[in-house]
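The structure under discussion appears below in the form of structure tokens.
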Amino acid sequence: MLNSALSVRKNRAKQVAAVGVAAVVAAALAGCGSGRTDEAGSGAGLVVGTTDKIFSLDPAAAYDNGSLLVENQIYSYLLNFAPGDTTPKPDAAEKCEFSAPTVYTCKIKSGLTFANGNPLTAKSVKFSFDRMLEINDPHGPASLLGNLDKTDVVDDLTVAFTLKVANDQTFPTILPTQAGPIVDEKVFSADKVATDEEVVAAKGYSGPYTITSYDKNKLVEYQANPAYQGILGTPKNTTVSTKYYATSDNLKLDLQNGAIDVGYRSFTPTDIDSLRADSKVKVTDGPGGELRYIVFNMNTMPGNTPEQKLAVRKALASSVDREALASSVYKNTYQPAYGYVPQGMTGAAEPLKQLYGAKPDKTLAAKFLADAGVATPVTLNLQYNPDHYGSSSSEEYAAVKSQLEASGLFKVNLQSTEWVTYQKERASDGYPMYQFGWFPDFPDADNYLSPFFGPNNFLQSHFENPGINAQLIAETTESDPAKRVELLQKIQTDLAQNHLPTLPLLSGKQVAVSKPGVSGVEQTLDGSFKFRFTVLSK
């Protein structure tokens, strides 16, 4: 996620007025089965297939790519990215600008409404950002708003964001992220996450599409929203359906058989090789940015002291063979990652290559453990997810287990859990070490740093360091591009050498596959990392 937070993130107590879901919503839900609503037909129009599961339709609780795919279609933002553009431009806003070093002011377009007919005003915007911070859901993107002190209504169409730290270079790019959807204050609760059924029934969103039928992680149907006046423009198709697959095998088969029009996330490397050679489909590559890594729970990972835990992390960094993972498992559709920011992005560095080696070094790994008094073999309970990151995850983590055990320094207990449960358990100290992936919220190196390593970070891994916090503030407020690159690279070296809270493994690019006659895929696979249905047509 998508999707930057500063070191000043804290848990907050915000507004207290609770706005309950309207009674009409409760009535509408009374006859619905769990996860399903039906108001329309059977998926006519353009059909997009994916294996990415929806976690939540409520922006306050959604910080994952599967949920983002839906959010991109149904919510409007003050600023958003036009297809092919990586600079945020007005969406629901008429204009946004810094009116003072710590105040960012947005003027909203007049006459905007939500899909349910309720007016969208400055009050709606304030409510949306206040509830994001008030709820502060462990699975949500509230950490992106760490520099936001308060949101004020200036007048009916003007809202002012007061920031804690001046000259934040990233705040305008945060507004189009998963922290920025505008929701209807008349149907969303101020302090409680809405269920998917409530979101669909209440239609408290204002993006280019509305949801007409919802069967969670099976089939979602969309209809163009005539009230939308934003930067994404009038959809080139009036109806779109998203079909969800348990594995990429059936996704690939349906695409080749013409049952769907576009396949997006996640094909296996073997799938992609096969599809490139198939004349019945077209494979489109987009800019990279995806990062795959291992997260360490600082409290529950192996080691009796912080020093021993760090030694275990360093030994792991010297034991994995990223090049083998990239070539053998992913057939070079991914590349080795030796830093916290993927190569090709401004500010990227590769400190892990210098500190721990480009290839496995058993002698160095053993020294880290011996110097800290860690007995070997170290037992590792390593969790991975078999569905959200593609079916190759099983092969990837079997290879990681084999690599680590080949050193003689580790004994790996490898376990897997499906995504919805995985998201809940990993955020509640369920896993000492676990697989995670990152698809950026916006095209800036800070998006790989602040959301991971600042206070109240979305990893919920118990990592926090005052020195890192100070450096994060420094880089986000540095207006000189060259100096900012130096600060970004210094942070990455400090993290890798002295903390190693996560272990980067691989980075990859965006891939989508379409039938002949489908256009617009190239337009939406851009550096903003937002997949938009509005530009797709056939």
Side-chain angles (χ1 to χ4, degrees), residues 1-11 63 136 138-147 164-165 168-171 173-174 177-179 289 291-301 306 309-310 313-314 316-317 337-342 345 347-352 355-356 426-427 429 431 433-442 444-478 484-505 507:
M1 230 54 287
L2 329 232
N3 10 118
S4 154
L6 296 172
S7 63
V8 287
R9 298 182 188 97
K10 301 291 179 183
N11 291 329
Y63 204 11
N136 194 24
H139 310 108
S143 60
L144 289 171
L145 300 176
N147 194 30
K164 297 175 181 178
V165 177
D168 183 355
Q169 303 300 299
T170 67
F171 191 75
T173 58
I174 292 170
T177 71
Q178 284 191 276
L291 188 68
R292 299 171 78 102
Y293 53 98
I294 294 174
V295 179
F296 301 101
N297 185 304
M298 297 298 178
N299 288 354
T300 62
M301 69 164 291
K309 293 177 189 291
L310 178 58
R313 298 196 294 275
K314 290 184 173 183
L316 286 165
Y338 297 98
Y340 294 99
V341 178
M345 184 164 287
E350 293 187 309
L352 278 82
L355 292 167
Y356 307 111
R426 67 94 187 164
D429 295 340
Y431 310 141
M433 300 167 49
Y434 61 93
Q435 173 200 26
F436 229 39
W438 182 252
F439 203 70
D441 301 288
F442 55 88
D444 188 280
D446 177 76
N447 195 228
Y448 294 87
L449 299 172
S450 291
F452 291 73
F453 309 122
N456 191 33
N457 63 74
F458 88 100
L459 294 178
Q460 301 290 304
S461 64
H462 307 288
F463 173 78
E464 183 176 344
N465 179 266
I468 295 297
N469 296 346
Q471 291 181 72
L472 290 172
I473 290 179
E475 62 89 0
T476 53
T477 58
E478 177 55 65
R484 186 164 184 248
V485 167
E486 291 179 7
L487 292 171
L488 287 164
Q489 293 177 339
K490 181 182 177 183
I491 293 171
Q492 293 173 75
T493 299
D494 189 355
L495 284 165
Q497 184 169 13
N498 301 313
H499 306 288
L500 210 63
T502 68
L503 181 59
L505 296 177
S507 64

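Each residue takes its place number in the sequence, starting with 1. No experiment lies behind these values; they were computed from the predicted model shown. What's counted below: heavy atoms across the whole structure, side chains too, no hydrogens, waters or symmetry copies.
- Minimum heavy-atom separation, A337 to L291: CB-CD1, 3.9 Å.
- Annotation: the span from N447 atom CG to M345 atom CE amounts to 8.0 Å, rounded to 0.5 Å.
- Looking only at distances, a side-chain donor or acceptor of N457 sits under 3.5 Å from a matching main-chain atom of Q460.
- In this structure, a donor-acceptor pair under 3.5 Å is absent between the side chains of D429 and N299.
- For the atom pair NZ of K309 and OG1 of T300, the computed distance is 7.0 Å after rounding to the nearest 0.5 Å.
- Each of F463, Y340, F296, F458 was evaluated against F452; a single residue qualifies, F458, per the ring pair (Phe, Tyr, Trp, His ring centres under 6.0 Å) test.
- Side-chain atoms of F453 and H499, non-hydrogen and from C-beta on, never get closer than 4.5 Å to each other.
- Rounded to the nearest 0.5 angstrom, Q471 CD and L495 CG are separated by 7.5 Å.
- For P138, the side-chain contact (heavy atoms from CB on, under 4.5 Å) partners at least two apart in sequence or on another chain are A427.
- You'll find the side chain of M433 reaches within 4.5 Å of the side chain of L316, heavy atoms only.
- Considering only heavy atoms from C-beta on, T476 stays 4.5 Å or farther from N147 through its side chain.
- Smallest separation of non-hydrogen atoms from L352 and P504: CD2-CD, 3.8 Å.
- Between A348 and V341 the shortest heavy-atom distance is CB-O, 3.6 Å.
- Here L505 contributes atom CG and I294 contributes atom CD1; the two are 5.0 Å apart, rounded to the nearest 0.5 Å.
- Scanning both residues, R313 and M298, for their nearest heavy atoms gives NH1-SD, 3.4 Å.
- Legend: residues meeting salt bridge (Lys or Arg N to Asp or Glu O under 4.0 Å) with E350, ordered by chain and number and at least two apart, are K353.
- Using modelled atom types, no side-chain atom of Y338 and backbone atom of Y356 make a donor-acceptor pair closer than 3.5 Å.
- Of all heavy-atom pairs between Y63 and P451, the closest is OH-CB, 3.8 Å.
- Taking each heavy atom of N498 and L310 in turn, the nearest pair found is O-CD2, 3.7 Å.
- Y293 places a side-chain heavy atom less than 4.5 Å from the side chain of L459.
- With hydrogens and angles ignored, the 3.5 Å screen pairs a side-chain donor or acceptor of T493 with a backbone N or O of Q489.
- Annotation: the span from I468 atom CD1 to Q492 atom CD amounts to 10.5 Å, rounded to 0.5 Å.
- A donor-acceptor pair under 3.5 Å is absent between the side-chain atoms of R292 and the main chain of G437, judged by distance alone.
- The structure places CG of D444 at 4.0 Å from CZ of R484, a figure rounded to the nearest 0.5 Å.
- Taking the six-membered ring for Trp and the full ring otherwise, the centers of F436 and Y431 sit at least 6.0 Å from each other.
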